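Quick caveat: nothing in here was measured; it's all calculated off a predicted structure. Computed from heavy atoms alone, side chains included, the values below leave out hydrogens, waters and symmetry copies.
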Amino acid sequence: MTVTLYGDNDPPADDRPTVQVTAVQWPVEELEPASLQRDGKRPRRTRILIAAGIATAVLASVAGVGAFAYAGDVPRGTTVLGTELGGRSQADATRELRATLERQAGELNAPLPVRVGERTAELVPAEVGLQVDVDATVTAAMQAQAHVVDRLVGSRAVRPVVTVDEERLDAALKEVLGDQGRKMTMPGITWDGLTPKAIHPQPSLGLDPEASTQAVREGWLSNGPVTIPLAETHAVTTAEEVDRMVAELAKPAVAAPVTLTTDKGSLSIPPKAIAKSLRFTADKAGTLAAEVDVKQLRTALGGDLTKVEVTPKNARMTLSGGKPKIIASSDGKELDTATLGEELLAVLPQPDNRRVTGTLKPTKPELTTEKLAGLGIKEKVSTFTTRFSGGLSSPRSQNIITAAKAVDHTLVLPGETFSLNKHTGERNYAKGYQDAPVILNGKLVPGVGGGVSQFTTTLFNATYYAGLEDVEHKPHSYYFSRYPSVIESTIFYPNLDFKFRNNTKYGVLIDTSYTSSTITVSIWSTKIWDRVKTEYSPRRNITKPKTVYLEPGPTCIAARGSDGFSQDAYRVFHKDGKVVKREKFSWRYAAEPRFICGPEPESS
């Protein structure tokens with residue numbers, strides 16, 4: 001923003017001399033001869049004529065002086081930057097001032113020394129928009145007040161009107177200020193358990209852009225360094241007021257529980273829950289205010305809310321007799337928090353009668369029966385099965401089944417993205433996962449959740465053949481014959497994930513099932529494509545595995561090895577008997593080494 005400072009704007013009073021002329025009627029009388037009268041004096045008419053002549057001459061002289069004094073638009077004797085502009089017209093004064101600025105360009109463009117706190121620097125006038133506003137300066141010169149005598153013999157210097165870019169100047173001065181400034185320490189109250197801790201405010205120290213602009217504008221042409229003032233800004237709430245808030249609100253707030261009464265019963269809000277939800281925050285001006293964070297209060301109360309609330313239940317879908325079946329939703333009752341925070345805040349300073357009344361309002365579930373019925377989940381769109389060995393008792397098989405159970409009957413709404421890592425969370429012992437082989441640093445080692453990648457591959461293929469959008473997947477480093485090449489996916493929490501998006505207008509239901517040797521995933525929805533199939537390119541860039549000998553032990557897992565190769569897979573979409581879309585998937589498998597748990601044989 002450019003700020004301009006103008007000179008005095010009130011025009012001077014008109015002080016040019018005023019001559020009043022009164023008409024004179026001569027007396028009618030007989031004139032005497034041109035000779036002198038008897039008393040020897042000039043005739044009266046002669047005296048009158050002489051007086052009139054003198055008055056006329058005086059008037060003419062005064063008028064001439066006034067005309068000279070008031071010639072031009074700028075009062076005579078007026079200078080700007082040492083240049084006489086007086087007696088000139090506005091246009092001539094403007095041209096003369098511009099010429100002066102050109103002659104003094106070197107001086108005007110010279111770096112301006114400034115001092116900010118304990119540091120000094122130089123500002124380049126052009127970089128902060130410092131310049132003389134010629135038109136505004138001439139206007140100020142024209143408005144300079146001067147009476148007629150001052151116009152004839154006096155003089156006056158008019159300060160140039162200076163403009164500066166306030167934003168650019170402030171940015172440049174902040175660099176000079178550096179770490180000399182300090183931010184305001186806002187007032188506050190924090191909690192150490194049930195003990196409130198006061199934070200006393202401290203003023204900020206920094207630049208005042210308006211004062212900085214004024215100082216630079218006035219000091220630019222003064223031939224000296226400009227001192228930039230620093231300003232302290234104090235918070236609205238004082239330290240004394242913070243201490244009073246601690247004594248009158250924070251401490252009493254946690255002195256005893258508050259009873260919350262509803263038409264379904266009552267519950268006690270303990271001091272610990274009050275401390276976790278009572279917040280003291282300051283705005284930009286440092287005004288400290290207290291409020292009850294109702295969301296934090298709900299979290300702090302946890303399961304106690306079930307004493308008065310009824311949780312709404314979403315509609316669910318199961319498969320019965322090979323057909324989708326809806327389990328109806330049910331409404332709930334939830335504490336109305338619209339005014340609860342204010343009502344609770346009002347009773348916290350009180351030593352007794354600490355009671356508030358809560359209202360329970362009906363709440364709908366996120367997924368109602370009607371909404372689920374309208375999602376078009378009516379038929380099996382795709383299904384995919386992979387085989388595993390070892391039976392259901394092996395740790396790897398158990399991991400596959402555990403993941404499948406976690407995903408079974410999952411509903412993915414239109415437009416939603418499903419994340420397997422997000423859905424299952426970290427796969428650990430507490431959730432029933434066991435140690436089984438995983439690929440780590442290029443070799444098989446025991447790891448919790450090993451085998452879940454087989455379920456991931458099965459789920460990926462089911463969504464792939466349903467025509468759903470692939471968002472994220474990563475094939476294995478090595479090729480395993482139990483999976484289709486390229487169209488498969490590994491997973492590792494939290495870095496490697498499998499994600500797909502329901503890019504249809506229908507709901508998607510994931511159905512999982514298993515036997516002692518297979519895992520199957522089916523997708524239920526409304527069928528969009530007549531058929532989705534895969535076309536493969538030939539394998540290329542085939543590499544052979546090398547043999548690696550490992551130290552025997554419980555962590556060593558032998559492997560037969562497999563070839564490495566590159567290959568492309570094309571997802572082909574058919575609709576109305578035509579191919580309407582093709583998607584390319586490419587991957588390069590490394591050759592899996594042949595791992596042998598034992599010492600390398602000595603060469604003969």
Engineer: For a 4.5 angstrom cut-off between non-hydrogen side-chain atoms, does L81 reach L101?
Structural biologist: yes
Engineer: Side chains of S419 and N421: donor-acceptor distance under 3.5 Å anywhere?
Structural biologist: no
Engineer: Just verifying a value: how many Å separate S212 OG and L230 CG, rounded to the nearest 0.5 Å?
Structural biologist: 8.0 Å
Engineer: Please check: side-chain N/O of R182 versus main-chain N/O of P203, any donor-acceptor pairing under 3.5 Å?
Structural biologist: yes
Engineer: Given L340 and T359, is the side-chain contact (heavy atoms from CB on, under 4.5 Å) satisfied, shown in steps?
Structural biologist: CA-CA 9 Å; L340 180 60; T359 302; over 6 Å; no
Engineer: Checking the side chain of T237 only, and the main-chain atoms of G286 only, is there a donor and an acceptor separated by less than 3.5 Å?
Structural biologist: yes
Engineer: Would you mind checking if E118 and R115 are paired as a salt bridge, meaning a charged N to carboxylate O distance below 4.0 Å?
Structural biologist: yes
Engineer: Using a strict 4.0 Å threshold on nitrogen-to-oxygen distance, state whether D179 and R119 make a salt bridge.
Structural biologist: yes
Engineer: May I ask you to test the V116-L207 pair for a side-chain heavy-atom distance under 4.5 Å?
Structural biologist: yes
Engineer: Would you call D135 and R98 a salt bridge, taking side-chain N to carboxylate O under 4.0 Å as the test?
Structural biologist: yes
Engineer: Hey, does L123 have a side-chain heavy atom less than 4.5 Å from the side chain of L173?
Structural biologist: yes
Engineer: Going by the rule ring pair (Phe, Tyr, Trp, His ring centres under 6.0 Å), which residues pair with F418 if we only count those two or more places apart in sequence or in a different chain?
Structural biologist: H423, F500
Engineer: Okay, side chain of E342, backbone of L345: is any donor-acceptor separation there less than 3.5 Å?
Structural biologist: no
Engineer: If we ignore hydrogens and angles and just use 3.5 Å, is the side chain of T79 paired with the main-chain N or O of G82 as donor and acceptor?
Structural biologist: no
Engineer: Counting C-beta onward and ignoring hydrogens, is there a side-chain heavy-atom pair between V258 and L344 closer than 4.5 Å?
Structural biologist: yes
Engineer: State, to 0.1 Å, how close A215 and I228 come at their nearest heavy-atom pair, and which atoms those are.
Structural biologist: CB-CD1, 4.4 Å
Engineer: List the steps and the verdict of side-chain contact (heavy atoms from CB on, under 4.5 Å) for L288 and V242.
Structural biologist: CA-CA 8 Å; L288 187 63; V242 174; 4.1 Å; yes
Engineer: Can you give me the closest heavy-atom contact between A231 and D208, atom names plus distance?
Structural biologist: CB-CB, 4.3 Å
Engineer: Measuring only between side-chain heavy atoms, which start at C-beta, is V162 closer than 4.5 Å to L130?
Structural biologist: yes
Engineer: With a 6.0 Å cut-off (strictly less than), is the heavy-atom count around NZ of K174, excluding the residue itself, greater than 12?
Structural biologist: no
Engineer: Would you call E469 and K499 a salt bridge, using N to O less than 4.0 angstrom?
Structural biologist: no
Engineer: Is the closest side-chain heavy-atom distance between P196 and K251 below 4.5 Å?
Structural biologist: yes
Engineer: Starting at CD of E232, measure out to CE of M184 and round the result to the nearest 0.5 Å.
Structural biologist: 10.0 Å
Engineer: Between the side chain of N109 and the main-chain N/O of A105, is any donor-acceptor distance below 3.5 Å?
Structural biologist: yes
Engineer: Minimum heavy-atom separation for N502 to T504, with atom names?
Structural biologist: OD1-OG1, 2.7 Å
Engineer: To the closest 0.5 Å, what do you measure between CD1 (I199) and NZ (K197)?
Structural biologist: 11.5 Å
Engineer: Would a distance-only check, ignoring hydrogens and angles, find a side-chain to backbone donor-acceptor pair under 3.5 Å from T78 to V74?
Structural biologist: no
Engineer: Run the side-chain contact (heavy atoms from CB on, under 4.5 Å) test on R354 and T259 for me, step by step, so that the C-alpha distance in whole Å, both residues' side-chain angles and the decisive distance to 0.1 Å come before the verdict.
Structural biologist: CA-CA 6 Å; R354 294 162 64 89; T259 301; over 6 Å; no
Engineer: Using a 6.0 Å cut-off, check whether atom CZ of R103 has over 12 heavy atoms from anything other than its own residue.
Structural biologist: yes
Engineer: Between E84 and G77, is there a donor-acceptor pair closer than 3.5 Å when you use the side chain of the first and the backbone of the second?
Structural biologist: yes
Engineer: Can you tell me if Q350 has over 12 outside heavy atoms packed within less than 6.0 Å of its CD?
Structural biologist: yes
Engineer: For a quick test of reading the model, state the closest non-hydrogen atom pair linking A256 to I274 and the distance between them.
Structural biologist: O-CD1, 4.0 Å
Engineer: Starting at CD of E370, measure out to CG of L375 and round the result to the nearest 0.5 Å.
Structural biologist: 11.5 Å
Engineer: Surrounding CD of Q180 (heavy atoms of other residues, nucleotides or ligands, distance under 6.0 Å), is the total greater than 12?
Structural biologist: yes
Engineer: Mind checking the OG-CZ spacing from S222 to R159? Nearest 0.5 Å is all I need.
Structural biologist: 8.0 Å
Engineer: Do I491 and H473 have side-chain heavy atoms sitting under 4.5 Å apart?
Structural biologist: no
Engineer: Dump the intermediate steps for side-chain contact (heavy atoms from CB on, under 4.5 Å) on L278 and W191, then the final yes or no.
Structural biologist: CA-CA 9 Å; L278 183 56; W191 293 96; 3.8 Å; yes
Engineer: Tell me whether T100 contacts the main-chain N or O of E96 through its side chain, where contact means a donor paired with an acceptor under 3.5 Å.
Structural biologist: yes
Engineer: So which atom in G219 and which in L112 form the shortest heavy-atom distance, rounded to 0.1 Å?
Structural biologist: O-CD1, 4.3 Å
Engineer: Distance-only, no hydrogens or angles: does the T94 side chain make a donor-acceptor pair with backbone N or O of Q90 under 3.5 Å?
Structural biologist: yes
Engineer: What distance do M186 atom CE and T281 atom OG1 have between them, rounded to the nearest 0.5 Å?
Structural biologist: 11.0 Å
Engineer: Please determine whether side chain to side chain donor-acceptor pair (under 3.5 Å) holds for the pair D568 and S586, giving the CA-CA distance in whole Å, both sets of side-chain angles, and the decisive distance to 0.1 Å.
Structural biologist: CA-CA 4 Å; D568 303 321; S586 299; 2.6 Å; yes
Engineer: Ignoring hydrogens and geometry, is there a side-chain-to-backbone donor-acceptor pair from R355 to D352 under 3.5 Å?
Structural biologist: no
Engineer: Could R298 and E309 be called an ion pair, given the rule that one side-chain N must be under 4.0 Å from one carboxylate O?
Structural biologist: yes
Engineer: For K364, look at atom NZ and say whether over 12 heavy atoms of other residues, nucleotides or ligands are found less than 6.0 Å away.
Structural biologist: no
Engineer: If you measure only the distance, is there a donor-acceptor pair under 3.5 Å linking the side chains of Q214 and E218?
Structural biologist: yes
Engineer: Contact between D497 and F492 at the side-chain level, heavy atoms closer than 4.5 Å - yes or no?
Structural biologist: no
Engineer: Tell me the closest heavy-atom pair linking R168 and V128, and the distance in Å.
Structural biologist: NH2-N, 3.9 Å
